[in-house]
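What follows is a short report on a single structure.
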Amino acid sequence: QLQLVESGGGLVQAGGSLRLSCVASGRTFSSNVMGWFRQAPGKEREFAAAISWNGGSTLYSDSTKGRFTISRDNAKSTVYLQMDSLKPEDTGVYYCAGGRRYYVTRESSGYNYWGQGTQVTVSS
């Protein structure tokens, strides 16, 4: 069982950067694939990035690749999402997710645990 708490969201101008953090409680963090998803107003939740249990494999959506970087620190039970060159279309609630699996996936059904989300707003 994992409990996930996100932080680091806020208001930023287009072109700016934010770093999201997700702290996990529970003994299985280091064995979980971790992911970030986001949901814009009036839209469905979509995949942003994922990282394998040891950080050796990462996966990004086409819209985040090259601008976002996912990383993790298993000693701190924390996963990060560094977001650079932000655009207004990146606005939304960002959710941290954990999956009891070996391989990274962009499918939300592959994740068992979810945080409450943190709001990111990018102004033009």
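- Val23 belongs to no hydrophobic cluster with other residues, because no ILVMFWY side-chain heavy atom falls under 4.5 Å from its own, directly or through intermediates.
- The disulfide bond (SG atoms under 2.5 Å apart) pairs that include a residue from residues 76-124 are Cys22-Cys96, where partners are two or more places apart or lie in different chains.
- The side chain to side chain contact (heavy atoms under 4.5 Å, CB included) check on Val93 picks up Tyr95, Gln119, with sequence neighbours excluded.
- Listed by chain and residue number, nothing satisfies the ring pair (Phe, Tyr, Trp, His ring centres under 6.0 Å) test with Tyr113 (two or more places apart in sequence, or in another chain).
- Among all heavy-atom pairs drawn from Ala14 and Ser124, the shortest one is CB-CA, 4.4 Å.
- Remark: the backbone N or O of Ser85 is paired with a side-chain donor or acceptor of Arg67 at under 3.5 angstrom.
- Partners of Thr58 according to the side chain to side chain contact (heavy atoms under 4.5 Å, CB included) rule, which considers only residues two or more places apart in sequence or in another chain, are Ile51, Tyr60, Ile70.
- Partners of Ser52 according to the side-chain hydrogen bond (donor to acceptor under 3.5 Å, both in side chains) rule, which considers only residues two or more places apart in sequence or in another chain, are Asn54.
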- Go through the steps for Val122 and Lys87 under the test side chain to side chain contact (heavy atoms under 4.5 Å, CB included), then give the verdict. CA-CA 6 Å; Val122 184; Lys87 305 175 182 180; 5.5 Å; no

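- Here the shortest heavy-atom pairing between Leu20 and Met83 reads CG-CE, 3.8 Å.
- Qualifying side-chain hydrogen bond (donor to acceptor under 3.5 Å, both in side chains) partners for Gln39, counting only residues two or more places apart in sequence or in other chains: none.
- Remark: side-chain polar atoms of Arg72 are not paired, donor with acceptor, to backbone N or O of Asn74 under 3.5 angstrom.
- Residue Phe47 comes nearest to Thr105 through the heavy atom pair CE1-O, 3.6 Å, listed as atom of the first residue, atom of the second, then distance.
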- Task: Give the C-alpha distance, both sets of side-chain angles, the deciding distance and a yes or no for side chain to side chain contact (heavy atoms under 4.5 Å, CB included) between Leu4 and Met34.
- Result: CA-CA 10 Å; Leu4 304 173; Met34 298 300 296; 4.0 Å; yes

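- Between Asn32 and Arg100 the shortest side-chain heavy-atom distance falls below 4.5 Å.
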- Between Ser108 and Trp114, is a side chain to side chain contact (heavy atoms under 4.5 Å, CB included) present by the stated rule, with each step listed? CA-CA 10 Å; Ser108 60; Trp114 293 85; 4.0 Å; yes

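- Remark: Arg45 pairs with no residue by the salt bridge (charged side-chain N to carboxylate O under 4.0 Å, His left out) rule, at least two apart or across chains.
- Using modelled atom types, no side-chain atom of Thr118 and backbone atom of Glu6 make a donor-acceptor pair closer than 3.5 Å.
- The aromatic rings of Phe37 and Tyr111 lie perpendicular to each other, with more than 60° between the two planes, well past the 30° mark.
- Of all heavy-atom pairs between Val120 and Leu18, the closest is CG1-CD1, 3.9 Å.
- Remark: Glu44 pairs with no residue by the side chain to side chain contact (heavy atoms under 4.5 Å, CB included) rule, at least two apart or across chains.
- Of the inter-residue distances, the one linking Lys43 atom NZ with Glu89 atom CD reads 8.5 Å to the nearest 0.5 angstrom.
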- Go through the steps for Thr121 and Val12 under the test side chain to side chain contact (heavy atoms under 4.5 Å, CB included), then give the verdict. CA-CA 6 Å; Thr121 303; Val12 64; over 6 Å; no

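- Sorted pairs that involve residues 25-75 and meet disulfide bond (SG atoms under 2.5 Å apart), not counting sequence neighbours, are lacking altogether.
- Take Arg38 and apply the salt bridge (charged side-chain N to carboxylate O under 4.0 Å, His left out) test, not counting sequence neighbours, and it matches Glu46, Asp90.
- A search for side chain to side chain contact (heavy atoms under 4.5 Å, CB included) contacts involving Ser123 returns Leu11, Gln13, not counting sequence neighbours.
- Contact annotation: the side chain of Tyr94 approaches that of Leu81 to within less than 4.5 Å [non-hydrogen atoms, C-beta and beyond].
- In this structure, the separation between CZ on Arg101 and OG on Ser31 is 13.0 Å, given to the nearest 0.5 Å.
- With ring centers used as reference points, Phe29 lies 6.0 Å or more from Trp53.
- There is no path of hydrophobic side-chain contacts, each under 4.5 Å, that joins Phe68 to Val104.
- Ser61 and Thr64 share a side-chain donor-acceptor pair at under 3.5 Å.
- At distances below 3.5 Å, not a single donor-acceptor pair connects side-chain atoms of Asp84 with backbone N or O atoms of Ser17.
- Distance alone, capped at 3.5 Å, is enough to place a donor-acceptor pair between the Asp73 side chain and the Ala75 backbone.
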